[in-house]
Amino acid sequence: MRCDDNNYSMNFSRRLFLSGSSLAAASLIAGNADARVLRLPTEISNEVFSLPGRVVLGNPRGDATIIEFFDYNCPFCKNSSREIRPLLAADPKLRYILVNYAILGVASIEASRVALGFTLQKTTGGYLPLHEALFRLRGRVDGIRALEVAMELGAKRDKLIDDADSDRVTDALKKSASLGDSLGLTATPSFVAGREAVIGYLDLPAKQKAIANLRRCEALAC
């Protein structure tokens, strides 16, 4: 399985767009001290809906959409993974999109390769069981550990290795890295909704508040 850092370009410029500093934004991220809200250019933020490898959960025609950029070795992403099912169970009109954003080293790239390869197989339960199982692992998550979990969930080993090493998966990783850089997503998890992004973890109440705000005023914070 290819796993070196040259598999895709990820030259983070660390540039940020107009930062959201309103009192409403501050209220949204209260209790999430490391999070910050950014304004995004529409022409770039809309590109997420055509990203190869994106995983759509919940209602594909939902009236509110949250997009999470995550890394399988991100501890705060582990917390976020536990909140997806409660969000979807309580909100049948929510669309939740996952984007593999492997920015924490070679092991993360390997794990994302396996995860993206897994999306190309038809398995019982779809992608979310794999996502949750990988975040239940303790310690560093790499390609070998991700492969073991995927096989337990019904993936075919040889096909999964081929798919993980495929140009299709490499292209998906490159494009998510490039878009995340363009959006200024310098940490995981990051959440995109409309023309705004939150860089950093949002707990369940903050996510629920953001979704309610999206419906009310088409912004993360009204």
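Counting begins at 1 with the first residue of the sequence. Side chains are part of it too, since the values below use all heavy atoms of this structure and drop only hydrogens, waters and symmetry mates.
- Across all non-hydrogen atoms, the minimal contact from A111 to A146 is CA-CB, 4.1 Å.
- Cluster membership for I97 and L120, using ILVMFWY side-chain heavy atoms within less than 4.5 angstrom, is not shared.
- In this structure, Y101 OH and I67 CD1 are separated by 13.5 Å, a value rounded to the nearest 0.5 Å.
- Judged purely by distance below 3.5 Å, without hydrogens or angles, the side chains of D71 and T188 never pair a donor atom with an acceptor atom.
- The two residues N213 and L220 make their nearest non-hydrogen contact at ND2-O, 2.7 Å.
- The main-chain N or O of R82 is never found under 3.5 Å from a side-chain atom of N79 such that the two would form a donor-acceptor pair.
- Using a 4.5 Å heavy-atom threshold, the side chains of L173 and V169 count as touching.
- Under a 3.5 Å cut-off, the side chain of N59 and the backbone N or O of P92 do form a donor-acceptor pair.
- Closest approach of A172 to L116, counting heavy atoms only: CB-CD1, 4.1 Å.
- Between L183 and L40, the closest heavy-atom pair is O-CD2, 3.5 Å.
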Checking side-chain contact (heavy atoms from CB on, under 4.5 Å) for the pair R95/R61: CA distance, chi angles, key distance, verdict?
-> CA-CA 7 Å; R95 176 169 55 175; R61 298 180 180 175; over 6 Å; no
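- The salt bridge (charged side-chain N to carboxylate O under 4.0 Å, His left out) with D91 is formed by just one residue from the set K207, R85, R215; it is R215.
- Going from atom NZ of K175 over to atom CG of L179 covers 11.0 Å, rounded to the nearest 0.5 Å.
- Note that the NE2 atom of H131 and the CD atom of E68 stand 5.5 Å from one another [nearest 0.5 Å].
- In terms of heavy atoms, V141 sits closest to L134 at CG2-O, 3.9 Å.
- At least one side-chain heavy atom of I84 sits less than 4.5 Å from a side-chain heavy atom of L98.
- Side-chain contact, R113 with S166: no donor N or O sits under 3.5 Å from an acceptor N or O.
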Test side-chain contact (heavy atoms from CB on, under 4.5 Å) applied to F70 and S81, step by step = CA-CA 9 Å; F70 69 91; S81 72; over 6 Å; no
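- Between F135 and Y72, the two ring planes are tilted [angle within 30° to 60°].
- Within a 6.0 Å radius of NZ in K93, other residues, nucleotides and ligands contribute 12 heavy atoms or fewer.
- R39 places no side-chain N or O within 3.5 Å of a backbone atom of E196 that could act as its donor or acceptor partner.
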Yes or no on side-chain contact (heavy atoms from CB on, under 4.5 Å) for D167 and D171, after CA distance, side-chain angles and deciding distance?
-> CA-CA 6 Å; D167 291 340; D171 181 62; over 6 Å; no
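- With hydrogens and angles ignored, the 3.5 Å screen pairs no side-chain donor or acceptor of S176 with any backbone N or O of V99.
- Under the 3.5 Å distance criterion, the side-chain polar atoms of R168 are left unmatched by any main-chain donor or acceptor of D163.
- In this structure, N46 CG and R195 CZ are separated by 9.5 Å, a value rounded to the nearest 0.5 Å.
- Atom CD of E218 has 12 or fewer neighbouring heavy atoms from other residues, nucleotides or ligands inside a 6.0 Å radius.
- Closest heavy-atom contact between S108 and R140: OG-NH2, 4.4 Å.
- The distance from the NZ atom of K156 to the CG atom of D162 is 13.5 Å, given to the nearest 0.5 Å.
- Without hydrogens or angle criteria, S112 side chain to I109 main chain gives no donor-acceptor distance under 3.5 Å.
- Summarising the local packing, NZ of K78 is surrounded by more than 12 heavy atoms from other residues, nucleotides or ligands at distances under 6.0 Å.
- Rounding to the nearest 0.5 Å places OG1 of T119 at 9.5 Å from CG of L160.
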Decide side-chain contact (heavy atoms from CB on, under 4.5 Å) for L185 and V192; before the verdict, give the C-alpha distance in whole Å, the side-chain angles of both, and the deciding distance to 0.1 Å.
-> CA-CA 9 Å; L185 307 184; V192 173; 4.3 Å; yes
